[in-house]
Protein chains: 2
Amino acid sequence: MSRRVTMADVAREAGVSLMTVSRALNDKDGISDATRERIQEVIVRLGYRPSSIARGLVTKRTGTIGLVVPDNSNPYFSEVARGVEHTAYANNYSVFLCNTEEDPEREKAVLHSLAEKYIDGLVLCSSRLTEEDLRDCLKDFSAQVLLNRLFTSSSATMVLAHDEQGARLAIQHLLERGHRLIGNLAGPERSYGGLMRVQGYAGALYDAGLSYEPDWIQHCAPTVDASQQAAAELLTRHPELTALVCFNDLVAVGALKACRNLGIAVPKDLAIVGFDDIPLASLVTPALTTIHVQRYEMGRLAGETLMRQIKGEKERSVHLLPVTLMIRDSAP
Amino acid sequence: MSRRVTMADVAREAGVSLMTVSRALNDKDGISDATRERIQEVIVRLGYRPSSIARGLVTKRTGTIGLVVPDNSNPYFSEVARGVEHTAYANNYSVFLCNTEEDPEREKAVLHSLAEKYIDGLVLCSSRLTEEDLRDCLKDFSAQVLLNRLFTSSSATMVLAHDEQGARLAIQHLLERGHRLIGNLAGPERSYGGLMRVQGYAGALYDAGLSYEPDWIQHCAPTVDASQQAAAELLTRHPELTALVCFNDLVAVGALKACRNLGIAVPKDLAIVGFDDIPLASLVTPALTTIHVQRYEMGRLAGETLMRQIKGEKERSVHLLPVTLMIRDSAP
DNA sequence: CTGAAAGCGCTAACAC
DNA sequence: GTGTTAGCGCTTTCAG
């Protein structure tokens, strides 16, 4: 590829000045229809592409945003990402996708790299950073939206699923079906969402005048394998449990597998409720009763919110997305 | 956020010239350790971030690549994306992620937008464009890797899964188990991978001295719902079939559901083989026998290949990734 | 070892 | 309607 064609080439070829080309490009007025068309023709003929790099240098706007997620191959985040990307595209923005792989060092690294790219805004998902590190990193960005994490010591805009409410819905559903001994496969110990979900579990039981054994709560990594083992331990330790709420659907599937091994029939012997409603949830057997989280909508909302922020509008700081109970076969 | 700190600020504060700061930044020599450290200190103190925009304008290298996929929420592509992003990160590159949503117009639009961003390279997945449109779009990029599509009239580098071989493995497995009447839920009619998979199906049967009815091949959209309906039609039309190979795992899951409705026992009455081995495959009941495609590795390889291309190395043009048969319960 | 000058491709501000 | 000048923040080239 030889030298790329520049605005100067177009100007020369069309017999006008740089400014006139620039105006034609940006649909500004103060230019006759004739020249506009002539320039347009030259642009097409030469295959000219304006350089958003050069433009960005002068306008201080790059037309790009950053999206940082723990792992794009996790269906939860890939769906969020699609929502963000969709909104960005609709607003003529491009998005940098970065995976942190749950590694705080890597998270800092990608945030620094995004800062050097002079992105116009940032959507940050579920950060592993301490509040201090986070504050330090975020100061490089003028527009930002935090997902799934409440960041108390900042005025950053946040978009959250109503995790606590979701857990409450799950418990209420089980209580209505007569369950009183409800275990909790609670996922990672230090996840903000996980914490809220445990809070909803405890709160719903408390409100019903019931209590739970701390030992009914078992943490585990949010994967099928880790959960399968954790579920086996929990259910062996507490065979009296008649129901299990799970951190998310993957964990619930692990529990399902554990039950199959232990000869526990779901939902007859044990009811299981998941969380998130990823596509998998409706495809396993028995299909999972779970809490539906609007992941695409979450990404979309984060994107829209960010776009408004970039345009300089004031934003309210917390958006709480409602969740709903999906009743399927694992806890009918 | 006030004005961002620039190299000039650092230079002034450190009492040196712009050039010296630039040299310190880029680890060039011709600068004493003392000044280097002093500059480093000032950089940290001021929170200076070099502008990759300004740098890009002069160096013609932006440190960014583009990744275009049909749909990032599809587990196939989200995994490919993770592979690409991982390699990019390891090479200090950032990735623009774009979804085309299978829309050729949108695909052209994102490619144009990426061209204006002056990305250093492009990974393009499974294009819907005609060869002519594609050639036209690709000429804006100096380094490029095409995924899952053979582009005959170009010297572009390509990374492909061995789709035909995969289909052959599936058929051979079924033949070994005595199946002779094998249907094909063949997915979208105009997908390159789909075409190759049908070719493998036909080829393997032909090589075994067997034939198949054209009517045993039924196309459908690659979703669970579309496939469920298509499978029901096919199996009703041809109850003699004893096995079914499917375009991908989602289609296979649709077939599984159709069988459940029709009272067909899998694998006893009908064996089913999927394709891709997405996480879902091992989690449904019965677990899917399927063809494993190394999606992450595909992304990684595409990324590595692109990086070498960017560095100016000559690349061989076609990388064919091997696939393997995963025997599970749907066709033991 | 360090600095001054020029320029990357574009737009903002002001002429004509 | 259109052109001229200056400059965005950096690196390259050439002097010292």
Side-chain angles (χ1 to χ4, degrees), chain A residues 1-40 42-43 46-64 113 115-120 140 142, chain B residues 1-40 42-43 46-64 113 115-120 140 142:
Chain A
M1 219 176 54
S2 51
R3 195 180 63 83
R4 282 183 66 149
V5 7
T6 127
M7 219 167 80
D9 299 324
V10 176
R12 193 178 328 109
E13 188 77 12
V16 294
S17 76
L18 285 177
M19 252 340 277
T20 309
V21 178
S22 173
R23 279 195 267 259
L25 233 52
N26 297 297
D27 278 321
K28 303 227 167 151
D29 44 31
I31 174 175
S32 75
D33 285 358
T35 25
R36 192 185 295 275
E37 274 170 35
R38 185 152 40 91
I39 290 171
Q40 196 50 49
V42 174
I43 286 178
L46 265 46
Y48 167 67
R49 304 257 174 257
S51 160
S52 68
I53 298 292
R55 174 181 291 161
L57 187 58
V58 21
T59 61
K60 315 282 187 215
R61 303 282 246 69
T62 53
T64 62
S113 149
E116 300 191 350
K117 295 281 184 317
Y118 280 63
I119 56 173
D120 296 339
D140 290 331
S142 54
Chain B
M1 216 176 54
S2 52
R3 195 181 63 84
R4 281 183 69 148
V5 5
T6 127
M7 219 166 79
D9 299 326
V10 176
R12 192 177 332 105
E13 188 78 12
V16 294
S17 76
L18 284 178
M19 252 336 282
T20 309
V21 178
S22 173
R23 278 194 267 259
L25 232 53
N26 297 296
D27 278 322
K28 304 226 168 152
D29 43 32
I31 175 174
S32 73
D33 284 358
T35 22
R36 192 184 296 275
E37 273 170 36
R38 185 152 40 93
I39 290 171
Q40 196 49 47
V42 174
I43 286 178
L46 266 46
Y48 167 66
R49 304 257 175 256
S51 161
S52 68
I53 298 292
R55 173 181 292 163
L57 187 57
V58 19
T59 61
K60 315 286 190 208
R61 304 281 248 65
T62 53
T64 62
S113 148
E116 300 191 348
K117 294 281 185 320
Y118 280 63
I119 55 173
D120 296 339
D140 290 331
S142 54

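First the proteins, then the strands, lettered A, B, ... as listed; each starts at 1. Because the structure is a prediction, the values reported are computed rather than measured.
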In whole angstrom, what separates [X]'s [atom1] from [N]'s [atom2]?
X: L57(B); N: dC8(C); atom1: CG; atom2: C1'; value: 4 Å
X: R23(A); N: dC14(C); atom1: CZ; atom2: C1'; value: 11 Å
X: Y118(B); N: dC10(D); atom1: OH; atom2: P; value: 21 Å
X: D9(A); N: dC8(C); atom1: CG; atom2: P; value: 11 Å
X: L25(A); N: dT11(C); atom1: CG; atom2: P; value: 6 Å
X: D33(A); N: dT2(D); atom1: CG; atom2: C1'; value: 15 Å
X: E116(A); N: dC10(D); atom1: CD; atom2: P; value: 10 Å
X: R12(B); N: dA4(C); atom1: CZ; atom2: P; value: 14 Å

Kindly write out the residues that satisfy side chain to side chain contact (heavy atoms under 4.5 Å, CB included) with Q40(B), not counting sequence neighbours, or none if the list is empty. I43(B), V44(B)
Check side chain to side chain contact (heavy atoms under 4.5 Å, CB included) between A54(A) and all other residues, then give those that pass, not counting sequence neighbours. S51(A), L57(B)
Need to verify one output field. Residue with the more 5' nearest nucleotide on DNA chain C, I31(B) or V21(A)? I31(B)
Judged by nearest nucleotide, the residue sitting upstream toward the 5' end of DNA chain C, Y48(A) or M19(B), is M19(B)
The side chain of [X] lies closest to which of these nucleotides: [options]?
X: S17(A); options: dA4(C), dT4(D), dC10(C); answer: dT4(D)
X: S32(B); options: dG3(D), dC1(C), dC8(D); answer: dC1(C)
X: T20(A); options: dG9(D), dT11(D), dG3(D); answer: dG3(D)
X: L18(B); options: dG7(D), dC8(C), dC10(D); answer: dC10(D)

For the residue pair V10(A) and L25(A), establish whether any side-chain heavy-atom pair is separated by less than 4.5 Å. no
Just wondering, do P50(A) and M7(A) contact through their side chains at under 4.5 Å, heavy atoms? no
Has [X] got a side-chain N or O lying under 4.0 Å from the OP1 or OP2 atom of [N]?
X: T6(A); N: dG9(C); value: no
X: S22(A); N: dT11(C); value: yes
X: T35(B); N: dT2(C); value: yes

Which is more 5' along DNA chain D, the nucleotide nearest K28(B) or the one nearest A54(B)? Just name the residue. A54(B)
base_contact_polar (dG9(D) base, R4(B) side chain, donor-acceptor, <3.5 Å): no
Under 3.5 Å, is there any donor-acceptor pair linking the side chain of R49(B) to the base of dG9(D)? no
Ring-face cation contact, Y48(A) with R4(A), 6.0 Å cut, 45° max: no
